[in-house]
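Structure first, commentary second.
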2 protein chains.
Amino acid sequence: MPLETAKVPNLGKAPSASDIILTFIRDAIADGSLDQGEPIRQDDVARLFNVSKIPVREALKRLEAEGLVEFHRNRGVVVTSVSDPELAQIFEVRAILESSAIKLSIPNMREKTLARALEFCETFARETDVARWSELNWQFHSCLYEDAERPFLVSTIRSVNDRLERFLRIQLALSQGKEIADREHREILDACRARDVERAGTLVFEHIMGACRSLLEHLPRIRTR
Amino acid sequence: MPLETAKVPNLGKAPSASDIILTFIRDAIADGSLDQGEPIRQDDVARLFNVSKIPVREALKRLEAEGLVEFHRNRGVVVTSVSDPELAQIFEVRAILESSAIKLSIPNMREKTLARALEFCETFARETDVARWSELNWQFHSCLYEDAERPFLVSTIRSVNDRLERFLRIQLALSQGKEIADREHREILDACRARDVERAGTLVFEHIMGACRSLLEHLPRIRTR
DNA sequence: CTAGAGAATATCGTATACGGTTTACGATTG
DNA sequence: CAATCGTAAACCGTATACGATATTCTCTAG
């Protein structure tokens, strides 16, 4: 009598306290509620979740490895500050990886994928809630890389994107930010339809570096470094 | 009276217990003393260092974020297994990033850098201690990317390399592995001297993917996945 | 009123402790 | 004898506790 294995909630994969806290802090950095340079008090977070510091520290250690926070011995954890040149370099790595991904993807790209990408593109264009733009933007991008069948490449891109998330949200919210993104998305899609590998790669590269440029132009940075 | 801030050993960053354990376990995975799939018992490591489990767990959490180990809730931590396709994808990302890095580097490459690279190249060729090959190989590669002045790109390459470290050591130890690497290093160096950006990029890409191929050919993998 | 010493406070890093889950294994039953 | 069950041991995740370090406050000397 095999029990209905399908609909049983999988207890084995229940997230641990540190998993939940990890996601919470990562999101808080992404949406700007934790600004760069801002300290993260372990006891505060622990109290917030009614847990001890230990799962909090474990979550923070993972975020440290992801580059989102920094530990300062005996002084505490702060959200990593990103200087302009660093920001440009992170965008550049993203551009390198994403343009490679789309080049690998196009030769295998199915009609169905093109249709889904168009769908995401239009959902993005229609969405009025600023908070969701970045998420829909990612759906469009990652959809295009799916047929490359390179999960590791995509997850690497994802992790670079995580570092940029807070800035991407700002960039899209800039005047024209979303409109320009939408226009460029459609051009990229056209190149994919035409199976023009080189053009698509170049467009993706420029799409990303363009976002970087407009961000740097509009960010009045008063930071120390 | 600004003291030489550059060369003062930064006491503020004295390594914590978890830092030391992190390096220890990472090295153990790199040199093969911890094989893939092998469990890492928190209490054992703690006893080894005469500390509690807590710094051990924090180190493991960082290694989890680096992709070197996996937590299985209530069952323990194991060294991440890498399937053949995954391995190929990691090598490919490395090839993409390193070929881009050298292309960005060559236009700014100084004579001094070329001289240093040649030095590393020859030290690598002369070295007889298998254990040091991989380290010297990295010195040669990273030296070539220095003039790109892209620290983030180089650190991204470094982190991809960390995932491959255990396999790179195997690859270099294969018959002819080191000799082929040496020959290709010299070709790459020639292209750099000639400032031939495209050729250098292609050579680096092929150098890395070639290592990947020879590794996959010679790895008799009996793993489940 | 200011600079500096010293005490009080906040926060950190880690040890110890413990309940909960998984694993190993011998007992039990069909 | 094989399969299942029950129990004990091993191991994990997290709470509590505490010494160490950093920071802030207070008080005093100049």
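In what follows, chains carry the letters A, B, and so on, assigned in the order in which the sequence lines appear, proteins first and then strands, with residues in each chain numbered from 1.
- Across residues 51-68 of chain B, B/V51, B/S52, B/I54, B/P55 each have a non-hydrogen atom less than 4.0 Å from an atom of DNA chain C (numbered order).
- If you measure from atom CG of B/D43 to atom P of C/dT21, you get 18 Å, rounded to the nearest angstrom.
- Here D/dC12 presents its C1' atom at 14 Å from CZ of B/R47, a figure rounded to the nearest Å.
- One can place CG of B/N74 at 5 Å from C1' of C/dT21, the figure rounded to the nearest angstrom.
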All N/O donor-acceptor pairs, side-chain side in residues 151-161 of chain B, below 3.5 Å, sequence neighbours left out:
from   : atom 1 : to     : atom 2 : distance (Å)
B/S155 : OG     : B/F152 : O      : 3.1
B/T156 : OG1    : B/F152 : O      : 2.8
B/R158 : NE     : B/D162 : OD1    : 3.3
B/R158 : NH2    : B/D162 : OD1    : 3.0
B/S159 : OG     : B/T156 : O      : 3.1
B/N161 : ND2    : B/E98  : OE2    : 3.2
B/N161 : ND2    : B/I157 : O      : 3.3

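- Taking atom CD1 on B/I21 and atom C1' on C/dG13, their separation rounds to 12 Å, with Å as the unit.
- With contacts defined as side-chain heavy-atom distances shorter than 4.5 Å, the pair A/E127/A/W133 qualifies.
- The existence of a salt bridge linking B/E64 and B/K61 is confirmed by a sub-4.0 Å separation between a basic side-chain nitrogen and an acidic carboxylate oxygen.
- With respect to B/D19 and B/R62, a salt bridge is recorded, a charged nitrogen being found less than 4.0 Å from a carboxylate O.
- The pair A/D147-A/R110 meets the salt-bridge criterion, since a charged nitrogen lies less than 4.0 angstrom from a carboxylate oxygen.
- If you measure from atom CD of B/Q42 to atom P of C/dT22, you get 15 Å, rounded to the nearest angstrom.
- Taking the six-membered ring where the residue is Trp, the centroids of B/F24 and B/F49 are separated by under 6.0 Å.
- Of the side-chain N and O atoms in B/R73, none sit less than 4.0 angstrom from OP1 or OP2 of C/dT22.
- Between the CZ atom of A/F71 and the C1' atom of C/dT14 there is a distance of 13 Å, given to the nearest Å.
- Between the CZ atom of B/R75 and the C1' atom of C/dA24 there is a distance of 15 Å, rounded to whole Å.
- For the pair A/H72 NE2 and D/dA22 C1', the interatomic distance rounds to 14 Å; values are reported in whole Å.
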